[in-house]
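Please read these numbers as outputs of a predicted model, since none were measured by experiment. First the proteins, then the strands, lettered A, B, ... as listed; each starts at 1.
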Amino acid sequence: MSNHKAEHQHITDYWVYGLILVILLALTFITVYMVHLELAAWSVAIALGIASVKATIVLAYFMHLKFDNMLFKILVVAVVMLFVSFILLTFADYLYR
Amino acid sequence: MSDVAIKHDEHRDDLGAKLGMWLFIFTELLLFGGLFLVYAVYRDIYAEDFHLGALQLNVTLGTLNTVVLLISSMTVAMSITAIQRGNKKLSMQLVLLTVLLACVFLVNKYFEWGAKFEHDLYPGSDLVLQFKRGSIIFFGLYFFMTGLHMFHVVIGMVVLMVMWFKLKNTTINKDDNVLLENGGLYWHLVDLIWIFLFPLLYLVT
Amino acid sequence: MTTIPYKSYLEPQGKYTGLLDWLTSTDHKRIGLMYMYAIGIFFIIGVLLGLLMRIELFKPGETIMGPQTYNGIFTVHGVIMIFMVVIPGLSAVFGNLFMPIQIGAKDVAFPKLNLLSWYIFMAGAILAVLSQFTGNGPPDTGWTFYAPYSTQTGTNVLMAVTAAFVLGFSSILTGLNFIVTIHRMRAPGMTWFKMPLFPWALYSTAWIQLLATPIVGITLLMLIAERVFKIGFFDPALGGDPILFQHLFWIYSHPAVYVMILPAMGVITEIIPTFCQRRIFGYKAIALSSIAIAGVGYLVWGHHMYTSGMSFTARWIFSFLTFIVAVPSAIKVFNWVATMYKGSIALKTPFLYALAFIFLFMIGGLTGLSLGSLATDVYVHDTAYVVAHFHYIIFGGMGFAFFAALHYWFPKMYGKMYNQKIADIAWLILFFGFNMLYFPQFVLGLQGLPRRYYDYMPQFETGEVLSTIGGFVLFIGIIMMITNLIIAARNGPQAPDNPWGGKTLEWTIPSPPPMENFDTPPVVSKEPYDYE
Amino acid sequence: MFTFYDPQYASNMAEGVDAAFLIIFGISFFFLIGITAVMIWFIIRYHHKRHPKAVQIKESFALEVTWTVIPTILVMIMFYYGYIAFSPMRDIPADAMVVKTVAKMWSWEFEYPGNKLSTELILPINEPVVLEMTSLDVVHSLFISAFRVKEDVVPGTTHYMWFIPERLGNYEILCTEYCGLRHSFMESVARVVPREEFDVWLASVPEATNMDEGLIIMRQNACSGCHSMDGTKLVGPSFQGIYGKAETVLIDGTPAEIVVDSAYLYRAIVDPDYEIVEGYNKGLMKTYKGVIPEEDIQTIIKFLMTLQKE
């Protein structure tokens with residue numbers, strides 16, 4: 001049984017969080033602005049793409065994934081892939097009805 | 001479920017506690033994942049109605065709430081830095097600030113939902129039941145998804161308040177702060193879900 | 001026998017006495033036993049309900065009950081057996097009892113959470129039982145709660161669905177606990193590939209519990225919302241799609257089959273080397289096939305829906321993936337049989353159950369192939385053939401593995417030995433009764449008898465009569481087995497620490513184990529099934 | 001059970017399905033019997049009395065690969081046969097006769113070209129037929145076991161099923177998706193007849209024109225699933241001689257004596273749970289207020305008044 005009391009702790013500086021927030025806010029406003037651009041078919045993809053970027057940033061910095069154990073990164077990727085396969089298989093039904 | 005990870009016996013295992021929290025987050029993600037799947041299917045079937053439904057929603061309020069949640073995510077992340085540097089007072093203030101921002105979110109939501117109810121736009125109302133099928137589903141999903149998310153906001157606030165008290169009586173301190181990290185993780189989850197809910201519900205074109 | 005006196009986990013631990021001593025205990029072994037007693041009671045209720053159905057089906061037309069009662073009974077039988085017996089069965093009972101010991105840990109990672117899971121389980125179970133006696137009569141939807149029937153029927157569906165939701169929550173927490181335990185609490189020196197195969201199976205299972213259950217959770221929540229707020233997720237009159245309900249339901253409920261069968265395979269993998277006194281053949285193949293089954297098992301839910309009106313593309317993709325998932329199960333069977341080769345076989349009760357498991361599981365699995373194939377499934381889908389198939393997997397597989405585990409670990413759990421002769425006779429009766437009960441269902445299905453039928457045409461009578469008689473034989477076997485074990489637990493002779501010559505860690509400690517499991521934390525250097 | 005020995009299958013789908021079955025069963029039997037025999041042989045041969053010392057054998061990578069690859073190939077063969085026998089079922093010919101099929105609790109209705117309605121499926125032999133199926137209430141499933149066809153009938157959408165009946169005779173139509181109280185009674189029959197006979201039947205004056213208008217409306221709403229016209233007790237009271245009958249009903253559990261009049265019949269249709277005839281259960285019938293137009297309800301009541309005891 002390993003005790004990880006003395007595990008190296010990564011401490012993130014305040015300014016990093018500030019910067020991340022600025023980026024996230026900027027992305028939010030871009031998404032809202034996009035809606036008025038009438039990009040039709042692309043707008044959903046772009047909106048979801050930006051949301052995914054935002055989510056990745058939150059996961060990496062706010063949730064410390066970037067500095068954490070490798071295991072967590074693998075698991076997050078695996079869970080996302082699992083969810084994507086649920087979507088794909090379900091749409092194998094709905095798109096070809 | 002933050003006390004999932006509480007374990008202060010002789011075998012303190014921060015990594016194990018964090019793993020437990022992440023696993024719990026996965027279940028939450030898939031819980032909403034199921035909803036996103038339902039959303040995706042009905043959006044595919046009723047693209048037009050979803051667009052018309054989204055026009056009924058208040059983008060300004062939605063954007064405002066997104067900003068509020070993003071800021072609150074930052075403050076809770078900062079509170080961890082604060083306690084890691086031994087600044088108990090600042091950490092407590094930041095947690096409290098996060099809770100306050102959560103309150104702002106809820107108040108905002110209250111006005112948003114309130115306006116919908118005023119216009120009889122709620123599931124099962126006589127008005128909604130006369131809508132086209134896609135719109136019935138859209139409003140159903142809107143209330144169900146934001147409702148479930150709101151429920152998580154409330155749970156998150158309780159968790160954060162627990163964190164605040166634990167900071168106060170130094171159960172969480174400079175050397176032992178995995179609990180606060182886990183509480184923070186939960187709050188980020190709430191934010192993470194909203195990041196997807198917002199464009200899906202408010203910005204459908 | 002240990003020379004120093006010790007206090008076993010069965011003895012009072014102070015602080016509280018009697019029942020309260022158990023109800024407040026966070027010890028993994030005690031929680032395991034508490035699950036076992038609860039599940040045992042639910043199992044007997046489920047069996048009795050099954051018998052009532054068998055009596056009703058003894059002859060065509062009304063025998064002992066009306067159709068509404070019958071529909072309620074098969075729903076309750078399904079809900080109890082699936083959500084309260086087979087899903088928690090092996091992992092919550094024997095996983096709790098022995099997984100921590102097998103990996104050399106003192107307890108699970110979060111003992112309090114473990115106890116909480118038990119309480120949540122009991123809360124869900126009580127709700128499920130209450131749903132029978134309150135409201136507008138017992139739910140009559142079948143355990144699958146298919147919409148829109150489940151959103152329209154006036155019976156007490158809401159409470160039963162809530163119960164299933166709560167039970168799912170308990171399952172998630174157990175899975176979470178086990179994953180962290182296996183990641184973080186293994187004894188020093190126990191690398192992943194030195195871990196016994198039962199924990200490996202539980203590890204795969206735990207991931208399914210963790211990642212699949214939320215989907216059914218949200219589905220049931222939507223069903224509740226639909227009934228209460230008229231949201232119309234699945235009601236076509238309000239724009240919903242009933243087939244989407246089936247997708248969501250089976251995204252969980254198919255992997256749930258693996259929640260039942262993977263730990264069963266794990267148990268069999270423990271028992272075979274012990275009674276052959278031989279190292280398991282293909283350790284890595286068995287360990288990795290568990291992971292493979294868990295992984296691919298997520299992607300085959302659509303094979304429950306070949307006739308639902310899914311797109312042709314989806315139908316053949318699901319059929320293809322279904323056939324893929326058959327392979328790792330076959331690998332396990334081959335490895336089990338290969339382990340018997342040049343062993344030194346002792347035909348003791350647990351091993352007999354393991355043999356029965358392999359045989360019945362093979363029948364269940366092989367008949368599953370004709371259900372995975374597109375053309376043949378169209379013919380037998382939703383007929384008695386499916387009923388036979390899944391009872392062979394769930395009862396013949398998971399059930400017999402449970403009995404195998406019970407007889408294997410009984411001496412360790414109670415420190416007492418049961419009468420092996422009576423246990424063997426009970427095994428024989430169970431085996432014959434089981435086949436007599438379920439085999440005719442294959443034939444009935446091929447003759448075209450749909451499932452969930454209250455009444456049937458005269459050409460099906462022979463099969464149904466045989467089946468009913470088999471049901472009673474099986475019941476006698478169950479009673480005999482349980483009575484034998486209860487007598488043994490009370491007055492059986494003292495059991496040695498290692499009655500079967502097992503090599504995993506639980507056989508190195510006294511029977512019954514002390515509260516702390518190990519006096520000194522074990523250090524592992526050898527492989528788990530090292531009989532050199 | 002099987003028609004393996006009978007060269008004439010009942011439909012064009014049967015041969016492929018049965019062939020796929022035979023292949024899967026053949027392989028399965030081989031493995032079941034083989035593995036069981038090997039297992040029993042090992043138990044006898046290596047019983048500890050005969051073989052007191054076990055031999056510790058290392059794993060064999062070659063063997064693991066062998067018994068991974070061979071089953072994989074075999075299951076792919078099974079998949080292939082299942083696929084080729086199934087794909088014709090989804091390949092609906094354009095020239096097939098269309099029969100609109102409506103499922104409801106708990107009966108089937110078939111509508112032929114020319115609006116001819118029937119509760120039985122009458123089919124000309126050797127001619128393709130496509131069933132356009134929909135449901136009025138919950139999910140049902142249409143199953144004709146002799147034809148080896150089955151497809152769910154889902155409310156809100158239309159599903160298709162096609163086949164060519166190839167043998168004269170009567171075949172059971174059953175519902176295989178659990179649909180409530182009388183699920184096991186939801187049956188009909190497929191009659192495969194020569195073309196000429198079919199034409200005569202189709203040309204015969206449609207029953208519909210002879211029917212009372214009230215009865216037509218009742219048929220459309222599947223009343224007969226629960227209420228018989230011949231006195232048989234089903235889920236709900238029989239309609240036979242219902243008008244003017246004295247009944248004991250329960251209003252919120254309190255018994256009351258009433259005589260069935262048109263006001264009562266109206267209440268029973270729009271608020272069925274209000275008065276429950278003794279011996280029947282609450283909650284089984286939903287309100288038809290708004291489902292059946294007001295004037296149609298009156299037509300039904302007029303029709304019910306004519307149903308006298310025979």
Chain D: which of [options] shares the most heavy-atom pairs with it under 4.5 Å?
options                                : value
C:Ala285, C:Ala330, C:Gly282, C:Ser150 : C:Gly282
C:Ala326, C:Gly142, C:Pro242           : C:Pro242
C:Lys284, C:Gln459, C:Met340, C:Gln277 : C:Met340
C:Met457, C:Met362, C:Arg279           : C:Arg279
C:Tyr456, C:Phe320, C:Tyr529           : C:Phe320
C:Val333, C:Leu449, C:Val380           : C:Val380

Can you find a pair of side-chain heavy atoms, one from [X] and one from [Y], that are under 4.5 Å apart?
X        : Y        : answer
C:Pro450 : D:Cys175 : no
D:Pro155 : C:Pro148 : yes
C:Pro273 : C:Tyr531 : yes

Query raised in the report: Can you name the closest pair of heavy atoms from D:Leu131 and D:Phe163 and give their distance?
Result: CD1-CE2, 4.3 Å
Part of [X] within contact of chain C (heavy atom distance under 4.5 Å):
X        : answer
D:Phe143 : side chain
D:Glu177 : both
D:Val149 : backbone
D:Lys58  : both
D:His159 : side chain
D:Phe29  : neither
D:Ser87  : both
D:Met161 : neither
D:Val139 : both
D:Met76  : side chain
D:Leu63  : side chain
D:Met78  : both
D:Glu64  : side chain

Query raised in the report: Who among D:Met89, D:Glu59, D:Gln56 has the most heavy-atom pairs with chain C under 4.5 Å?
Result: D:Gln56
Report summary line: If you tally heavy-atom pairs under 4.5 Å between each of D:Thr36, D:Ile57, D:Leu174, D:Val38 and chain C, the highest tally belongs to D:Ile57
Report task. Using only heavy-atom distances, determine whether the side chains of D:Asp152 and C:Tyr306 contain a donor-acceptor pair under 3.5 Å. Result -> no
Query - C:Thr376 side chain to C:Ser373 side chain, donor-acceptor N/O pair below 3.5 angstrom - result: yes
Query raised in the report: So which of C:Tyr70, C:Phe74, C:Tyr453, C:Tyr146 actually passes ring pair (Phe, Tyr, Trp, His ring centres under 6.0 Å) with D:Tyr178?
Result: C:Phe74
Could you look at [X] and say if it's the side chain, the backbone, both or neither that has a heavy atom under 4.5 Å from chain D?
X        : result
C:Ala237 : neither
C:Arg278 : both
C:Asp235 : neither
C:Thr141 : backbone

Query raised in the report: When the aromatic ring centroids of C:Tyr379 and D:Phe86 are compared, is their separation below 6.0 Å?
Result: no
Query raised in the report: For D:Glu187, does the CD atom have more than 12 heavy-atom neighbours from other residues, nucleotides or ligands under 6.0 Å away?
Result: yes
Requested in this report: Mark yes when over 12 heavy atoms from residues, nucleotides or ligands other than C:Trp143 sit less than 6.0 Å from its CH2; otherwise mark no.
Outcome: yes
Query raised in the report: Donor-acceptor pair, C:Ser308 side chain versus C:Met305 backbone, under 3.5 Å?
Result: yes
How are the rings of [X] and [Y] set to each other: parallel, tilted or perpendicular (split at 30° and 60°)?
X        : Y        : result
D:Phe31  : C:Phe334 : tilted
C:Tyr341 : D:Phe42  : tilted
D:Tyr46  : D:His51  : perpendicular

